[in-house]
Each structure stands twice: as C-alpha cells, then as structure tokens.
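All values derive from a computational prediction rather than experimental measurement. As the structure lists them, so they are numbered: ligands from 1, and atoms in each ligand from 1. In what follows, every heavy atom counts, from backbone to side chain, and hydrogens, waters and symmetry copies are set aside.
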Amino acid sequence: MILVTGGAGYIGAHAALALLEAGEDVVILDNLCNSSREAIPRIEQLGGRRVEWVAGDIRNRALLDQLFVRYPIDAVMHFAGLKAVGESVRQPLRYYDTNVGGSINLCQAMAYAGVFTLVFSSSATVYGDCSCMPINESTQCGQPTNPYGQSKLMTEQMLASLGSADERWRIGVLRYFNPVGAHPSGLLGESPRAAPNNLVPYLLKVASGQLPALPVFGGDYPTPDGTGVRDYIHVVDLAEGHVNTLQYLRQHAGLRAWNLGTGLGYSVLELVAAFERVSGVSLPLDRRERRPGDVAQCWADPTRAFEELGWVAQRDLDTMMRDAWRWQQANPMGYEETARPVPSTASLAAQAQGAG
Ligand code: NAD
Ligand code: UFG
C-alpha cells in the first residue's frame, strides 16, 4: 500500500488515481489546508476502487506512527506542503515548518516503521535563476530566491544526507516544471483555496468571467515575444511519472533526482493563444511590469527520466488547455460548492464535447 501525503491536492489526487490504475492500494493523508475532501470520492469514482483516507497533518508524529501500524504501507509519495511563493516570503516559518519540518517528521516515522521508499515532490525552483537552457539534473546555477524554493532545496539536501547515511533508503526526488491541466474527465483539477497567482488558474478565472483581465507580467524579457517562457506539463503526465519512479525505486537503492518536464518552453502569449484556440474564448489581457522574482525562461532537459524511468510526457499544450477548460467549466468554483452529487463521467464528457 502507498501512503500519499497531500493526496487530496492538485497533483497528489492525480497521482493517487494513477496508482490505483497501476493496481496499487492507496491511503491518503491530508489536512485539507489547500484542498477539499470532495476530491476523494472522485478519485474513487475514476479509479473504480476505494481509497483509504485520513484527515491529519504530516507534522503529527503520533498520527504518522498510527498510520504505519494500521496500514501495510511499503512506500510513500510525499506531496503535502505549502507552495505559494509570495506567501512564503511573508510567512517563512510556516513554510520551513511544514515543508522541511514536516518532511523530517515523515522520514523519522518512516524509518521507525521500517519503510524506506520515498518519492518526494520537488521543484525546478531549486535551480534558481539559470540562463543555460535546457536545465538538466546536474545544472548548478544559483539558489532559490524565496523561502518556498529554499524549503524544497533544504528538503532535498536533508534527503541526500539520509540516503548517504543509511543504504536502506530508496528516494526519488522529482523536480516538477510547471504542472497545468486537469484530468480529462473534468472530475479532478486544481482548486486552490486562495486567490490564484499562477498563470493557468488565473487565466481560467478570467475565461469564466470571475476576474476581469489576465495580467501579463513583463513584455521585455529576452524571449521571442518578450514574455516569460516555461515548460508546462500536463498533470496526468506528471502523475504517471510518479508510478514509473516507484517502479524504479523497487529495483534500485539510493537517492536519485529527475526532472519532470516536456523539454519544450512556451511563452505566456503562446499559452494564451493555445487556450483561445481550443476554448473559443477570447481573453482580455492586462500588460504589466515584470513580476518580482520571475525568471525569464525555464525549461527541462527530461532525458534522464526517459532513459532511467522510461517516462516521457505525452500530452501537448492544446491538450493541457482543453482539459483545464473542461475542469473549469464543470467546476466553476473548484470542489468547494459541490455539495451536490458528483456528476457522472459520461455527463461531463458530453458537456465538454458540447463546449468544443
Ligand atoms: P496542493 O496545495 O494542491 O496540494 C498539497 C496538499 O498538501 C494539499 O491538499 C494540502 O491540503 C496538503 N497539505 C499541506 N500542508 C499539509 C500538512 N502539514 N499536513 C498534511 N497535508 C498538508 O499543491 P500541489 O500543486 O498538488 O503540489 C503538491 C506538491 O508538489 C507540493 O509539495 C508542491 O510544493 C510541489 N510542487 C508543485 C508545483 C506546482 O506548480 N503545482 C510545482 C513544483 C512542486
Ligand atoms: N504570469 C503572468 N500572469 C499571471 C501569472 C503568471 O503573466 O497572472 C507569468 C509569469 O510571469 C511567468 C509565467 O506566467 O512568466 C508562469 O508563472 P506561474 O506563476 O504560473 O509559474 P512560475 O513559473 O512562476 O512558478 C511555478 C510554480 C512554483 C515553482 C516554479 C518553478 O508556481 O511553485 O514554477 O518550478 F517554484
């Protein structure tokens, strides 16, 4: 059985489903600070099987110890954490406490329970402001410029020390580029509790009329159209990468890091154009100054993940935008106000087709 921390969240929910689809049993631990329990029955509906789930905090050691006794857990996928860059600047202790302290607590509980297989959600933010593209796993350019990024780097360093100190550990560090999109059913997607800061969640609110215009930060970057370039990756591709990583770790001891990206960079304006193309919705844009802390461009060299994990991203930018739009239309306010019954997969698919 796989313990999925943060499994009610955006990426964790898709990974929990991918695990079910791969025949694994899943227990989710999530304190719902940035997610909804509504995700759980939807994972079960799509996976066709029950998921065990516990409401609780990764910083609660007694709870973790109980979980490892109660369930036959043999590996952990660790998504739980806080991820808002701006908030991390204002509340650094919360970020270090949850992201670093929570990860240490989890590893201590794992070692105590004799479970040594861990997949950790890291981020391309650990590479800092690099000018050499694409970024491979050995690239050492800089340091993260905010507490969120620092917390990911510190956790990576803690895990590396752990892997060196005790050869029983099998640790996969996955450095995500920019996860976007949603499950094609329209049942799982990103449902942040706070106002959106990231490009695609903000764009979806504009497209559905909940926000007036999409800010486009910076038009003077050294990129083809002057806007920032990122490696957007479909969340279902990302989730599948976790299953491949688990399979790898079952064969290999030690610690290894992999980039999960497509290897392609798209600008803000290219992403906007793709969204308008697949949705038929025209987006009002609000051109602004550069956003402090943003890098001009960032995209992955995903060769290592292909060669070692046998994983490659399959879904293109149009698919990412189409699936994100389907999710938004089916869940205009995210999971929250869906006290109504879960819509059937068939009715959502029909709705999505009708929407083009
Ligand atoms: P998310 O906020 O949707 O999911 C995180 C989940 O963890 C949420 O369900 C939240 O309720 C839960 N959680 C937070 N603190 C917890 C705690 N103390 N105890 C138990 N549960 C807790 O975010 P996501 O986008 O799914 O990100 C998952 C992981 O991937 C995070 O570690 C994030 O830092 C990392 N990551 C995300 C991105 C991205 O752009 N989404 C990029 C790189 C890395
Ligand atoms: N952008 C806009 N308007 C917006 C929001 C973003 O123009 O309203 C632009 C940004 O300037 C950037 C691009 O869209 O050029 C992507 O921005 P996001 O906020 O969606 O994503 P980031 O690349 O800034 O950050 C993401 C994650 C971080 C992670 C980082 C590196 O949110 O957690 O990737 O992996 F650290």
When you compare the side chain of [Y] with that of [X], does any pair of heavy atoms fall below 4.5 Å?
| X | Y | result |
| --- | --- | --- |
| Arg175 | Ser123 | no |
| Leu199 | Leu214 | yes |
| Asp25 | Ile2 | no |
| Val180 | Asn198 | no |
| Leu17 | Glu44 | no |
| Trp299 | Leu264 | no |
| Val272 | Glu276 | yes |
| Leu246 | Leu19 | yes |

Only heavy atoms of [X], strictly under 4.0 Å: list the atoms of ligand 2 that pass.
| X | result |
| --- | --- |
| Val216 | 7 (O) |
| Tyr176 | 35 (O) |
| Tyr148 | 33 (O), 36 (F) |
| Pro215 | 2 (C), 3 (N), 4 (C), 7 (O), 8 (O) |

For [atom], grab the closest protein heavy atom and report residue, atom and distance to one decimal in Å.
| atom | answer |
| --- | --- |
| atom 22 (P) of ligand 2 | Asn178 ND2, 3.6 Å |
| atom 24 (P) of ligand 1 | Lys83 NZ, 3.7 Å |
| atom 13 (C) of ligand 2 | Tyr232 OH, 3.6 Å |
| atom 30 (C) of ligand 2 | Ser123 OG, 4.2 Å |
| atom 24 (O) of ligand 2 | Arg291 NH2, 3.0 Å |
| atom 11 (O) of ligand 2 | Asp294 OD2, 2.5 Å |
| atom 1 (N) of ligand 2 | Phe217 CD1, 3.7 Å |
| atom 5 (C) of ligand 2 | Asn197 O, 3.3 Å |
| atom 34 (O) of ligand 1 | Tyr148 OH, 2.8 Å |
| atom 12 (C) of ligand 2 | Arg230 NH2, 3.6 Å |
| atom 37 (C) of ligand 1 | Ile11 CD1, 3.8 Å |

Test of proximity, [X] against ligand 1: N or O pairs below 3.5 Å:
| X | result |
| --- | --- |
| Asn34 | yes |
| Leu82 | no |
| Ser123 | no |
| Gly9 | yes |
| Cys33 | yes |

### Message
For ligand 2, which is the ligand I care about here, please tell me if Val295 has any N or O atom under 3.5 Å from one of the ligand's N or O atoms.
### Response
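Checking ligand 2 against Val295, no N or O pair falls under 3.5 Å apart.
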
I need the [X] [atom1] to [Y] [atom2] distance, nearest 0.5 Å.
| X | Y | atom1 | atom2 | value |
| --- | --- | --- | --- | --- |
| Asp237 | Met320 | CG | CE | 7.0 Å |
| His242 | Gln247 | NE2 | CD | 13.0 Å |
| Ile233 | Tyr176 | CD1 | OH | 10.0 Å |
| Ser88 | Tyr95 | OG | OH | 6.0 Å |
| His78 | Leu29 | NE2 | CG | 10.0 Å |

### Message
Just to be sure I read this right, does ligand 1 sit under 4.0 Å from the backbone of Ser122, its side chain, both, or neither, counting only heavy atoms?
### Response
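Near ligand 1, Ser122 shows its backbone, while the atoms from C-beta on stay back.
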
Which is closest to [atom] in terms of heavy atoms, [options]?
| atom | options | answer |
| --- | --- | --- |
| atom 19 (N) of ligand 1 | Asn105, Ile58, Leu238, Thr98 | Ile58 |
| atom 16 (C) of ligand 1 | Asn99, Thr155, Asn31, Leu32 | Asn31 |
| atom 29 (C) of ligand 1 | Tyr176, Phe79, Tyr232, Tyr95 | Phe79 |
| atom 32 (O) of ligand 1 | Glu190, Arg175, His78, Lys152 | Lys152 |
| atom 36 (F) of ligand 2 | Thr125, Leu203, Val85 | Thr125 |

### Query
Heavy-atom contact under 4.0 Å between Ser191 and ligand 1?
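Per 4.0 Å heavy-atom rule, Ser191 does not contact ligand 1.
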
Proximal ligand 1 atoms for [X], defined as those under 4.0 Å from one of its heavy atoms:
| X | answer |
| --- | --- |
| Ser121 | 29 (C), 30 (O), 32 (O), 35 (C) |
| Arg59 | 18 (N) |
| Gly56 | 19 (N), 20 (C) |

### Query
Does the cation-pi check pass for Arg61 over Tyr112, that is, NZ or CZ under 6.0 Å from the six-membered ring centre and within 45° of its axis?
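The answer is yes; both the distance and angle limits are met.
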
### Message
Using 30° and 60° as the class boundaries, would you call the ring planes of Tyr10 and His14 parallel, tilted or perpendicular?
### Response
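If you compare the ring of Tyr10 with that of His14, the planes turn out perpendicular.
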
### Task
Output yes when a side-chain donor or acceptor of Arg291 lies under 3.5 Å from a complementary backbone atom of Phe217, and no otherwise.
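Such a contact is absent between Arg291 side chain and Phe217 backbone.
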
### Task
May I ask you to identify, for Leu199, whether its side chain, its backbone, both or neither come under 4.0 Å of ligand 2 on a heavy-atom basis?
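Within the 4.0 Å criterion, Leu199 contacts ligand 2 through backbone and side-chain atoms alike.
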
### Query
Taking NZ, NE, NH1 and NH2 as the nitrogens, is one of them in Asp97 or Arg94 under 4.0 Å from a carboxylate oxygen of the other?
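Here Asp97 does not pair with Arg94 in a salt bridge, since their nearest N and O are not under 4.0 Å apart.
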
### CZ (Arg250) with more than 12 external heavy atoms under 6.0 Å
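Counting other residues, nucleotides and ligands, CZ of Arg250 exceeds 12 neighbours.
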
